[in-house]
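Start at 1 with the first residue, then count along the sequence. What's counted below: heavy atoms across the whole structure, side chains too, no hydrogens, waters or symmetry copies.
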Amino acid sequence: MDLLESKAVLLNKDKIKSHFVYHGIKRLFDIVAATCGIVVLSPLMIVIAILIKTEDHGPVFYKQVRVGKNGKTFKMYKFRSMFVNADKMLDKLKEQNDVEGPMFKMKNDPRITKVGHFIRKHSLDELPQFINVIKGDMSLVGPRPALPSEVAKYREYDKQRLYVIPGCTGVWQATKRNEVGFKEMVKLDLEYINTASFSTDLKIILLTPEMSI
């Protein structure tokens, strides 16, 4: 166990389950907020869809398998920000990964389209995830949903991230974003899970747009 792990509290699944009032309120808020988000932001989402379709005539939405609570997989929805078949280029780019550990991030990813650069910069590509929230696959706030290939490389310590429903945003996205590596991200996620509260979730939601400007 390294220094970052030694500073994090090991989580207790039973203790997390006992917070049923918090999780009930959070689920209700997720449904109401995500539904309102789709209604209010629908004009913007239509414009984004038209821009994506106009640029290269490819599909507007991108569906990707992610790992949710307790290792259950689901299809996560996003506005497509990369060229069609971008996944096939990943193996050639892995050596240029800017993050250590089982997570891929590249500052100047050549697979991203012109429209994709803009919607990613302002986190607009993630708006379709409101659908995942309504379905219950995701929450508005929680750990970033990982790819199955990433989870396959997780240690037991890292798997604690899977104790809760993943989120559209989280503490690392709303604060340090791309400045942290995988180990630091796990540490932040576990600290969030261990001290989660409705007020903390609201703070994270309010901070997220500021990090997207």
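- Between the side chain of Q64 and the main chain of M76, no donor-acceptor pair closer than 3.5 Å is present.
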List the atom pairs, donor and acceptor, that lie under 3.5 Å between side-chain atoms in residues 32-48 and the rest of the protein, sequence neighbours left out.
unit_1, atom_1, unit_2, atom_2, d
T35, OG1, I31, O, 2.7
S42, OG, V39, O, 2.9

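- Formation of a donor-acceptor pair under 3.5 Å by the Q160 side chain with backbone atoms of Y157 is found in this model.
- Contact check on D56 versus R80 returns a salt bridge, with a Lys/Arg side-chain nitrogen under 4.0 Å from an Asp/Glu carboxylate oxygen.
- A donor-acceptor contact shorter than 3.5 Å links the side chain of D158 to the backbone of R155.
- The environment of CZ in F118 is sparse: at most 12 heavy-atom neighbours from other residues, nucleotides or ligands sit within 6.0 Å.
- Counting only distance, with no hydrogens or angles, the side chain of S18 and the backbone of K15 share a donor-acceptor pair below 3.5 Å.
- In this structure, R161 CZ and K187 NZ are separated by 14.5 Å, a value rounded to the nearest 0.5 Å.
- The ring-ring contact (aromatic ring centres under 6.0 Å, His included) search around Y62 returns none, not counting sequence neighbours.
- Relative ring orientation between H19 and H23 is described as parallel, the plane-to-plane angle staying below 30° on a 0-90° scale split at 30° and 60°.
- Taking both residues in full, the closest heavy atoms of R66 and P148 are given as CA-CD, 4.4 Å, listed atom of the first, atom of the second, then distance.
- Listed for the Q173 side chain is no donor-acceptor partner under 3.5 Å among the backbone atoms of T208.
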Practice item. May I have the step-by-step check of ring-ring contact (aromatic ring centres under 6.0 Å, His included) for Y22 and F198, ending in yes or no? Key: CA-CA 7 Å; Y22 159 68; F198 191 63; 7.6 Å; no
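- Side-chain atoms of T195 come within 3.5 Å of backbone atoms of E191 as a donor-acceptor pair (strictly under, hydrogens ignored).
- Note: S139 OG to D30 CG = 3.5 Å, rounded to the nearest 0.5 Å.
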